[in-house]
Structures are given as structure tokens and as C-alpha cells.
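Computed over heavy atoms, backbone and side chain alike; hydrogens, waters and symmetry mates excluded. So that the names make sense, note that chain A is the first sequence line, chain B the second, and so on, each numbered from 1.
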There are 2 protein chains.
Amino acid sequence: MRDRLLEAADRLFYAEGTRAVGIDRVLAEAEAAKASLYSHFGCKDELVAAYVQQRIASARASIEAFVAPIPPCERALRIFDWIVAWVESPDFMGCPLQRVVGEVADARHPARVLAADQRDWLRARFVEWVKAAGVANAPQVATALLVLFDGAVIASVQDGPRRARDARWAAGALLQAAGGGRAEARTSKLRKPGR
Amino acid sequence: MRDRLLEAADRLFYAEGTRAVGIDRVLAEAEAAKASLYSHFGCKDELVAAYVQQRIASARASIEAFVAPIPPCERALRIFDWIVAWVESPDFMGCPLQRVVGEVADARHPARVLAADQRDWLRARFVEWVKAAGVANAPQVATALLVLFDGAVIASVQDGPRRARDARWAAGALLQAAGGGRAEARTSKLRKPGR
DNA sequence: ACACGAATAGACAGACCTGTCTGTTTGACC
DNA sequence: GGTCAAACAGACAGGTCTGTCTATTCGTGT
């Protein structure tokens, strides 16, 4: 029951926004009664938080499954292929976390707290991957890639998937300039580009 | 009168979102009557569109005034200083256009049409600036900087202004790797990094 | 057979939303 | 002074929203 409600909420919240979708719509989609929802989640804000939590869990699982078969030194670049595949999926509507942050003004809202955690997680992954790529200035480059990641997703909402590919290109250029990047590019003449 | 309404709408819509703020709040803030609003704007969606239009106009003016005294070849990089200043302003709440796009699902909404125009304008400016920086692959690099621009703004909402500075660093690295960048960096040994 | 937890349908309260309409007041121009 | 457009206050309709509550039904384990 809880899962059915959450699944319905996920579909509607992601497609139209948490604010645009009322409880009644979720109940109709899940074919559930109002009391079920309120006994499981307490209030709408908690349902939103559960929705965000579920999105985070599935994103982490998806990313980990994607990078698992990829050599660590290539992950920092290849994660942008994951983004491309994501923004090309037919029902792509932007990053659910970015949207919730935009809709909920209060940073202490439970859903926003979860979103902040997820950002820390993602940034830590980037640092890992960039270090594995053999880059000297790993934290700086990792953060740059994180910003590029955010930009790839938000820009694809308006401009289409090509922006994710543009971001991939930029990530490759950054990694190469920083002395890391793909394994086959390791022999580049610029190992320590100063700065 | 129209200006007073628009000014009040701007404050409230930007601070809390167009969906979270009702007509009555705008009227109270502007100390205006309901009939005034509806005679000037027709409906709320048009007020939202007017709000977006005003934000676009002021952003363009601000950017143009900022880059005017800067040598064209430096503008592609220095525009990131403009972003830093913006995200550091105390009432920064993200990009108003990104937020409206996130709130309004329908891409044909008048406000979203305006937002799409503004993106074209911004991208054209980046192409100009990157060309002036003497970069070979100007459109590609310009688009990369546009994505970085988007990422700088959205990432600063959650992570604070440091992300805008990180984006500036990445922009500098990208421009340098592409053979352009600041005038004093022109003598860099890597003119054609081959991709 | 019975008890009990869980789901159901749906009325209801109270608030808020957009948009319309009526009637009044103000102020500028002729 | 007269006229007319614009702004005013605010009631009102009709809808939506969250959240509570009552009363009923279903299924399972004992």
C-alpha cells in the first residue's frame, strides 16, 4: 500500500511538480483512500520527503551500477554518459532534487535536508573518480565537474539532450587539461599544467 | 500603477515562487486593488510573464553594463565574476528563469517562451565573447561555458557562492586549454591541444 | 466464530486560490 | 463646474487544497 502510494506520488510529483499535484490526484492514481495516505505519511510534506528519498536511493543505485564495470580512472568522464542517457529518456523532466529545491523555499524542509545529503554524496563520488583519474588538483577538478553535472541537467531541460553532450565534451577537456582523463590520454605531454 | 504591481510581484515571486504567491499577496504588497491588476495584466499568467520579461530586461542590461568596460577577449571569462557577484547578493534565490521553468510544466506558457528567447540571447553572447578570445572551436567552447554558467547558478543555490567561483576556475581552465582565455595567458605553450 | 488491524468511501471544516462584478472615489483635463 | 478614465474597496462565486473524522468493509490469524 505504502509502495503504491509512493509510486503514484513519484510519477505525478516528478511529471508536474510537488506543488502542482494535490493529495487527491495521488489518491486517485494509487486508487487509495485518504486515510491510508495520512496513516502512512502523516502529512504531505512527509510524502514529498519520501518521494525525494526514493529518488535519491534509485539515483545512487543507478550510478553505482553504471560505474561498477568502468575502470576507476575513466569514471569521472564516463559518468557524463550516464547523464546523457538520463536526459534522453522520454519522460525526463529535469533533476527532481533541483526542482524540489526550487519549489520549497524553506531549506529546513525534510525533503531539502535529504537533497543536501545527496549533494555531499555526489561530490564525494566525483572526488573519488577524479583522484582515480590521476589528477593533481583533484578536489578542484571534482567540484568543477560537479558544477558541470548540474549545468548539464538543468540546461537539458530547456535546450534538449545536446547540452548533456556538450557538458561531456567540456568534462573531457577539463580532465585532459588537468592531466588526467581517459587512460589512453595519459601520455599527453601536459602532466602538470601549473596552477 | 502597473509598475508598482510589477515591482511587488517581482519581489514576492522571486522570493517564494510564482506558484506559492497568490494574487492577494501581490495586491497587499502593492497596496492596490484587484481590479487594477486584472485591468493591467488580464490574468495571473500574464503577470508572471511580465515578471519574467522584466527580469530578462534587467539581466541583459546588467550584463551589458558589466562587460562594456572589459576588453572583448576577456569577457568570456570575466562574465563569471558577474555570476559570483550575483550569487553573493544577500537576496539571491537562484535564477528566476530556471525557477519558472521548473514551476510551469507547459513549455508554451508565455513566461517560458520568453525564457527560451533569453537563452538564445545568452548563448549568442557567449559565442561572441569566446570568438573574441581567439578560440578555434568557438561554438563548442561557448556552449560549454553556457552549461557551466547554468551549473554555477543552480549549484550556488544549495552549496553557496563558492560554486560560482569553482565555475570561474573551470571556465578559465577550459579557455586556456582551448587556446584562448585571458590576454596574458595567450603565450601559453598549448595553442592547439588537439581535443 | 470472533477479534482486530488495515483499507475503504466520503463528508466535512477551514483555508486559500483565481477571476468577476458592483458601486464609490479620485483626479486630471476641457 | 462637468466629464470621464482610472483606481479604489470589497463582496461574491466557484473551485482547489490539506487534513480530520465517521462509519463500513475486508482479510487474516486464532
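Residue A:Leu37 contributes atom CG, which lies 14 Å from atom C1' of C:dT8 at whole-angstrom precision. In this entry the distance linking OH of A:Tyr38 with C1' of C:dT8 reads 17 Å, nearest Å. Regarding A:Glu16, its CD atom lies at a distance of 11 Å from the P atom of D:dC17, rounded to whole Å. The CD-C1' distance, from B:Glu31 to C:dT25, rounds to 17 Å in whole Å. Here the P atom of nucleotide D:dT20 and the CG atom of A:Leu27 are 14 Å apart, to the nearest Å. For the pair B:Leu47 CG and C:dT18 P, the computed distance is 10 Å after rounding to whole Å. In this structure, A:Leu5 atom CG and C:dA7 atom C1' are separated by 11 Å, rounded to whole Å. Between the CZ atom of B:Arg19 and the C1' atom of D:dC17 there is a distance of 12 Å, given to the nearest Å.
Of the side-chain N and O atoms in A:Arg25, none sit less than 4.0 angstrom from OP1 or OP2 of D:dT18. In this structure, A:Ser39 does not reach the C:dA6 phosphate: none of its side-chain N or O atoms is under 4.0 Å from OP1 or OP2. Distances shown here put every side-chain N or O of B:His40 at or beyond 4.0 Å from the OP1 or OP2 atom of D:dA6. In this model, the phosphate group of D:dA6 is not approached by any side-chain N or O of B:Ser36 to a distance below 4.0 Å at OP1 or OP2.
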Task: side chain to side chain contact (heavy atoms under 4.5 Å, CB included) assessment of A:Tyr51 paired with A:Phe41 - done: CA-CA 11 Å; A:Tyr51 151 67; A:Phe41 297 98; over 6 Å; no
Open item on the list: Is there a side chain to side chain contact (heavy atoms under 4.5 Å, CB included) between B:Phe126 and B:Val141? Walk through the geometry before answering.
Closed with: CA-CA 9 Å; B:Phe126 264 112; B:Val141 174; over 6 Å; no
Open item on the list: If you apply the rule side chain to side chain contact (heavy atoms under 4.5 Å, CB included), what do you find for A:Gln140 with B:Asp166, and how did you get there?
Closed with: CA-CA 7 Å; A:Gln140 181 74 280; B:Asp166 295 330; 3.4 Å; yes
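With D:dA9, D:dT18, C:dA9 as the choices, the nucleotide that has an atom nearest any side-chain atom of A:Ala33 turns out to be C:dA9.
Contacts of B:Arg2 with the nucleic acid, taken as non-hydrogen atoms under 4.0 Å apart, are absent. A:Ala35 comes within contact range of at least one nucleobase, with a heavy-atom separation under 4.0 Å.
Separating the CD atom in B:Gln158 from the CZ atom in A:Arg119 is a distance of 5.0 Å, to the nearest 0.5 Å.
Clustering ILVMFWY residues whenever any of their side-chain heavy atoms sit less than 4.5 angstrom apart, transitively, puts A:Trp169 in the very cluster that holds A:Phe80.
Not a single donor-acceptor contact under 3.5 angstrom links the side-chain atoms of B:Lys44 to the base of C:dG19. At a cut-off of 3.5 angstrom, counting only N and O atoms as typed in the model, there is no donor on one side facing an acceptor on the other between the side-chain of B:Lys34 and the base of D:dG10.
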